[in-house]
Novice: 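Here it is: the structure, laid out below.
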Amino acid sequence: VRISIFSIDRHAQITAFAKQSGKAVEEVERLWKEAKKQAERQGKKAGDGPGYYRYVVGILKKMLGLSGPTTHKLPEAAEKF
């Protein structure tokens, strides 16, 4: 199953990653927060725009053992993450 994470809301994104990885939604939420912290330690900031969000998603996917492209388009809503 291939999901474009930028075309769905954050909860649906987390749920989709949980399903793809076989992990609980709560675990993916925890890893999402850790991925954001890791991005900040590497000098990335939420105010950096779409690149920040893509960077965090990349970290999360590595943590979950997922691969492949995630999107081709970033909606304005992604700025809120």
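Side chains are part of it too, since the values below use all heavy atoms of this structure and drop only hydrogens, waters and symmetry mates.
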Novice: Less than 4.0 angstrom from a charged side-chain N to a carboxylate O is my criterion; do Glu29 and Lys23 meet it?
Specialist: no
Novice: Would Lys44 and Tyr52 count as a cation-pi pair here, with the cationic atom under 6.0 angstrom from the ring centre and within 45° of the axis?
Specialist: no
Novice: Looking at Glu40 and Lys37, is there a salt bridge between them, counting it only when a charged N and a carboxylate O are closer than 4.0 Å?
Specialist: no
Novice: Taking all non-hydrogen atoms of both residues into account, name the closest pair between Val28 and Leu60 and its distance.
Specialist: O-CD1, 4.2 Å
Novice: Determine whether Lys19 and Val25 satisfy the following criterion, side chain to side chain contact (heavy atoms under 4.5 Å, CB included), listing intermediate values before the conclusion.
Specialist: CA-CA 8 Å; Lys19 205 178 241 188; Val25 171; over 6 Å; no
Novice: Considering non-hydrogen atoms only, spot the tightest contact between Leu31 and Met63 and give its length.
Specialist: O-SD, 3.7 Å
Novice: Are any of the side-chain heavy atoms of Trp32 and Ile59 separated by less than 4.5 Å?
Specialist: no
